[in-house]
Amino acid sequence: MAMKKFINDPANLTKELLEGLALCYSGRVKLVNEKIVVRTTPKDESKVAIITLGGAGHEPALSGFVGEGMLDASVVGDIFAAPGAPKVLETLRMFKREAGILLVTLNHAGDRMSASKALRDAQKEGIKVVEIVTHEDISAGVDTPIDDKRGLAGCIPLYKVVGAAAEAGKSLEEIVEIGERFNGQMATLAVAMTGCTHPQNGGAIAVLPDDEMEIGMGQHGEAGGGRTKILSADETAARMIAPLVQATGVKAGDTALLIINGVGATTLMEMLIVYRKAAQILAAKGVHVTPGACGEYLTVQEMAGFQMILCKLDPDHADYLKAKARSPYWTA
Amino acid sequence: MAMKKFINDPANLTKELLEGLALCYSGRVKLVNEKIVVRTTPKDESKVAIITLGGAGHEPALSGFVGEGMLDASVVGDIFAAPGAPKVLETLRMFKREAGILLVTLNHAGDRMSASKALRDAQKEGIKVVEIVTHEDISAGVDTPIDDKRGLAGCIPLYKVVGAAAEAGKSLEEIVEIGERFNGQMATLAVAMTGCTHPQNGGAIAVLPDDEMEIGMGQHGEAGGGRTKILSADETAARMIAPLVQATGVKAGDTALLIINGVGATTLMEMLIVYRKAAQILAAKGVHVTPGACGEYLTVQEMAGFQMILCKLDPDHADYLKAKARSPYWTA
Amino acid sequence: MLTIQKFKTMIAAAGVDIRAEEKSFSELDAASGGDGDHGTAIVTAFNAMQKADGAEFKGYLKALTDALQNEACGSTSTLYGAWLQGMSDAAPEGASELDAAALAAVFKGGLDEIGFTTKARVGDKTLMDALIPATEALVAAQAEGVPAMLRQGAEAAAKGSDATCAMRARFGRAKNLGERSIGPRDAGSASMACIFKAFAKTVM
Amino acid sequence: MLTIQKFKTMIAAAGVDIRAEEKSFSELDAASGGDGDHGTAIVTAFNAMQKADGAEFKGYLKALTDALQNEACGSTSTLYGAWLQGMSDAAPEGASELDAAALAAVFKGGLDEIGFTTKARVGDKTLMDALIPATEALVAAQAEGVPAMLRQGAEAAAKGSDATCAMRARFGRAKNLGERSIGPRDAGSASMACIFKAFAKTVM
Ligand SMILES: Nc1ncnc2c1ncn2[C@@H]1O[C@H](COP(=O)(O)OP(=O)(O)O)[C@@H](O)[C@H]1O
Ligand SMILES: Nc1ncnc2c1ncn2[C@@H]1O[C@H](COP(=O)(O)OP(=O)(O)O)[C@@H](O)[C@H]1O
Ligand SMILES: [Mg+2]
Ligand SMILES: [Mg+2]
Ligand SMILES: [Mg+2]
Ligand SMILES: [Mg+2]
């Protein structure tokens with residue numbers, strides 16, 4: 001049976017999708033050296049550059065967030081595969097500057113290995129670069145050691161915050177402080193309803209029984225341990241927001257950002273219904289929910305499900321979230 | 001078997017999703033009288049109001065395009081069901097103004113009947129309102145009479161153009177001219193890979209064999225006559241762009257806007273790959289392709305497939321497309 | 001003579017039968033290239049209509065129209081709204097009983113009004129394929145009294161709906177299907193025939 | 001003695017066997033909570049490695065590393081890149097033949113370098129469960145000559161991979177699966193065992 005996807009040679013997926021991105025959003029991004037997406041109009045060299053890395057297959061993430069006010073570059077691997085360290089190092093060299101570089105790495109084994117190697121090599125060469133690792137997935141439990149928590153779509157509001165801080169002329173040290181504070185106050189939990197198809201080999205990932213869903217699914221179909229019969233939208237929202245509130249510590253009087261990130265086949269209709277209940281629960285607790293987002297930001301092919309991201313906001317974070325941004329898939 | 005959707009009581013889908021939209025994008029839109037989505041900050045009464053109507057279940061369309069620079073209001077029906085004429089009339093009354101109202105109706109039987117009745121009643125009451133009907137689907141053939149051509153996602157760039165013209169203070173007559181000119185120069189063609197599930201009754205719509213796709217599918221699963229074995233992304237793009245070029249008449253030296261609108265489960269990865277080929281074909285013909293868009297704007301639940309929209313742009317259209325817009329799901 | 005009480009029972013009985021066939025109407029809609037929701041739409045319409053009340057025909061029919069137009073959505077509610085509106089307009093002022101001639105006039109008024117709302121006629125594969133012959137048969141049977149009128153209306157509606165199987169859709173969501181729309185029965189004609197059948201049963 | 005020619009044949013033979021099992025490696029990856037692409041990843045790695053060449057061990061191993069790191073992506077290529085880099089570093093300058101002791105040193109160098117890249121060790125359900133015992137067995141068999149070294153390496157790799165079935169994942173994408181990761185074999189250990197088996201076959 002043919003894969004039900006609009007693709008050409010599966011070996012060229014990443015190359016072609018990045019070319020498509022650069023053609024479609026030519027005013028915002030361009031592609032250099034095959035796997036590096038950068039802004040069409042670079043940020044002034046006096047400002048800190050923000051760079052990230054990761055596999056493809058999660059579109060619009062990560063490259064869709066390159067642009068004014070967000071990322072300066074995204075180093076792309078292949079489908080669900082981290083880019084090699086040499087490519088990361090090449091990008092760090094490209095953005096070498098006195099102000100320094102912030103490298104944002106999602107906590108996945110492949111990304112971490114490439115980033116670590118590139119960082120060591122870059123630092124040896126005198127490139128000023130600091131890494132922030134995101135690890136906000138609470139599916140393994142709120143108290144799981146940081147190294148065992150995956151980085152999910154929480155990287156996106158983080159890009160927004162550090163991107164705006166860089167644009168505002170903050171120093172690398174300041175941006176790291178702002179970013180790590182944000183990083184420490186956000187949490188994500190994912191839920192999946194169906195599996196998906198790996199677009200290169202056509203294999204099924206994360207197949208689920210017809211009447212079950214899984215809370216805690218990772219963003220490549222990695223299981224999360226929370227299999228349950230299908231719940232209603234309201235029950236699902238309630239079940240997910242509770243541990244997120246616990247993890248972030250948001251309480252009455254706090255300001256919070258809530259994002260529902262669809263991972264593929266789940267409709268925006270559903271995401272909005274889930275957002276409604278989660279926002280109502282937060283409001284009932286006396287939390288001030290700022291304007292949020294519902295949409296597909298970091299996907300897992302055509303998997304049905306979503307990630308719920310909750311961020312407790314300090315006043316500076318709230319301001320950075322509102323600042324101007326002009327990436328293909330996030331504007332403010 | 002339970003439906004694999006995050007919903008509550010199927011009777012409340014539309015109400016809940018609209019509440020979610022208003023909560024999530026509280027800075028941009030609000031909900032009035034249950035089924036009318038309006039801007040949080042209304043446009044000045046001296047300017048022409050832009051209103052549209054249509055069923056829910058296509059999120060983010062249509063209500064996701066209410067906001068500064070685009071729609072003033074969207075009148076929402078139920079899932080895949082046009083709002084009744086009284087609701088449309090109520091909205092027209094709400095936006096009654098000397099500058100007048102432009103009502104944009106997509107050519108679907110239900111929407112047309114409600115709009116026509118509301119228009120007649122409104123005009124009797126002295127409300128100044130003109131209707132533009134979109135009918136840019138070329139699946140029935142480029143030469144099909146206008147009344148038999150459906151309105152697909154081409155309404156979205158049209159909202160952008162007329163919204164910007166209204167914001168710029170153009171008169172109703174001028175906006176109608178600008179809008180109808182745009183309307184006459186755009187064309188859309190859809191393709192589906194899989195069917196979807198009606199979220200109220202759980203029934204399957206537009207089921208397709210495992211190895212087939214259908215070019216010309218409508219946006220509620222209405223068949224379009226173009227069943228074929230699954231084609232590659234490049235072949236699909238080539239097959240679709242050819243009749244769109246013919247329908248719009250774009251030729252060397254012209255400027256064109258290309259949009260790939262995902263209808264549900266098709267990944268952005270695929271849409272970008274398709275965009276790439278279609279844009280390359282246009283460029284090879286000497287057409288200047290302005291920055292476009294790939295994403296989910298008007299969906300058909302979790303159906304896999306997309307709509308390809310091609311618009312030949314006059315210089316004023318190009319400017320209106322670039323003007324500021326701040327709706328939840330379209331910003332510029 | 002048809003009393004308003006009896007007429008309300010006719011509507012209620014139609015609602016019961018429509019609900020029993022909900023799934024099949026949606027399936028017919030999907031099978032013929034529609035969006036698979038006609039069952040949902042017609043049941044929603046009857047649910048809305050259930051809230052209407054009135055002591056005489058004109059008012060009750062108007063209340064049915066308002067209930068439909070204010071609480072329900074979609075082509076079906078718009079078309080049924082027009083139908084009922086036309087009936088209300090044609091109903092004699094204040095009457096709580098209709099003789100055969102008045103009933104014929106009411107159904108004729110309904111058909112006229114729905115005919116302004118849609119251009120579909122016999123042969124276009126819509127609910128009009130059931131409604132037009134049903135109304136004509138019912139009017140033609142005036143001399144035989146109310147039960148006969150409704151019985152003949154039901155028969156004509158059923159026949160009209162049967163005939164849609166062989167038709168090619170030209171209105172509504174199925175129109176782009178072309179040749180492939182030939183085969184399945186039109187969903188809207190099926191529910192319309194179901195309603196006429198329930199009407200006939202009730203006055204038998 | 002192992003000639004560079006023979007070593008290239010070993011690599012080529014491993015590529016052939018790896019390609020033949022591509023699908024099963026991806027399925028193992030999916031079954032154990034991974035993203036179902038290990039077959040794709042390891043085949044991509046071997047495709048990249050095919051482009052490397054060199055007249056002596058150090059250079060050839062370095063060329064393999066570069067090919068992997070520049071053309072391939074993912075954890076597998078990073079880990080294999082480190083492994084081959086370590087081998088190259090440990091290979092004697094300019095040698096186009098390795099005796100048993102030098103071969104042992106090369107494999108030991110490879111293991112050391114990959115050990116800097118990942119913290120995974122025996123028992124963590126990764127390719128290290130095959131690679132660590134294989135390297136140890138190979139080094140221990142030095143006195144018996146190259147073919148015996150590779151044979152014993154292959155046996156140890158197979159046993160190490162078998163043992164992963166009973167393990168709980170603590171590294172890589174499967175780690176969140178917890179108890180449910182117990183049962184299926186680790187994909188990376190399976191491909192590593194396949195490579196050692198092909199090595200052994202080639203020098204038999
Ligand atoms: N323009 C029209 N004129 C007459 N009848 C129509 C028209 N459009 C649709 N119908 C009838 O409505 C039925 C479909 O109803 P329904 O599924 O409830 O509406 P929708 O098409 O809005 O989903 C069709 O089977 C047909 O009988
Ligand atoms: N951190 C790690 N340390 C050692 N081996 C690992 C690590 N992460 C993954 N692996 C190995 O890699 C295999 C998966 O490889 P592959 O599917 O190609 O990579 P990815 O996890 O990036 O999709 C696992 O079965 C395991 O043997
Ligand atoms: Mg992978
Ligand atoms: Mg409908
Ligand atoms: Mg329908
Ligand atoms: Mg994998």
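Chain A is the first sequence line, chain B the second, and so forth, proteins listed ahead of strands; every chain is numbered from 1. Remember, it's a predicted structure, so these values are computed and weren't measured experimentally.
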Contacting moiety of A:I260, where chain B heavy atoms sit under 4.5 Å: neither
Segment of B:A332 engaging chain A (4.5 angstrom heavy-atom cut-off): backbone
Gap separating the OG1 atom of A:T266 from the NZ atom of B:K4, nearest 0.5 angstrom: 10.0 Å
Chain B contact via A:T299 - which portion, at a heavy-atom distance below 4.5 Å: neither
Derivation of the side chain to side chain contact (heavy atoms under 4.5 Å, CB included) call for A:F6 and B:M213: CA-CA 10 Å; A:F6 297 99; B:M213 57 188 241; 4.1 Å; yes
Option in B:E296, B:K229, B:R28 with maximal non-hydrogen atom pairs under 4.5 Å from chain A: B:E296
Spacing of CD1 belonging to B:I259 relative to SG belonging to A:C24, to within rounding of 0.5 Å: 8.5 Å
Main-chain N/O of A:M269 paired to B:K5 side chain as donor or acceptor, under 3.5 Å: no
Nearest atoms (heavy-atom pairs only) where A:Q280 meets B:L23: CG-CD1, 4.3 Å
Short side-chain to backbone donor-acceptor contact, A:N8 and B:S232, under 3.5 Å: no
B:P291 versus A:G27, closest heavy-atom pair with distance: CG-N, 4.1 Å
Backbone of A:E19 reached by a side-chain donor or acceptor of B:Y275 within 3.5 Å: no
Distance (rounded to the nearest 0.5 Å) between B:L268 CG and A:Q301 CD: 10.5 Å
B:R239, CZ: over 12 other non-hydrogen atoms inside 6.0 angstrom: no
Which portion of B:L13 sits near chain A, non-hydrogen atoms under 4.5 angstrom: both
A:P199, part contacting chain B, at a heavy-atom distance under 4.5 Å: side chain
A:E16 to B:I273 - nearest heavy-atom pair and separation: OE1-CG2, 3.5 Å
Atom group of A:A293 that falls short of 4.5 Å from chain B, counting heavy atoms: both
Selection from A:E59, A:M193, A:E235 maximising heavy-atom pairs under 4.5 Å formed with chain B: A:M193
Full working for side chain to side chain contact (heavy atoms under 4.5 Å, CB included) between A:I7 and B:E270: CA-CA 6 Å; A:I7 56 177; B:E270 295 161 79; 4.3 Å; yes
Choice from A:G20, A:A233, A:P60 maximising heavy atom contacts with chain B below 4.5 Å: A:A233
Among B:T267, B:L272, B:V274, the one residue meeting side-chain contact (heavy atoms from CB on, under 4.5 Å) with A:L17: B:L272
Choice from B:D9, B:T290, B:L21 maximising heavy atom contacts with chain A below 4.5 Å: B:L21
Chain B contact via A:E212 - which portion, at a heavy-atom distance below 4.5 Å: backbone
Residue selection (most heavy-atom pairs with chain B, distance under 4.5 Å) from A:A304, A:A279, A:C294, A:P328: A:C294
Interchain contact, A:L18 with chain B, by part (heavy-atom threshold 4.5 Å): neither
A:A56, part contacting chain B, at a heavy-atom distance under 4.5 Å: neither
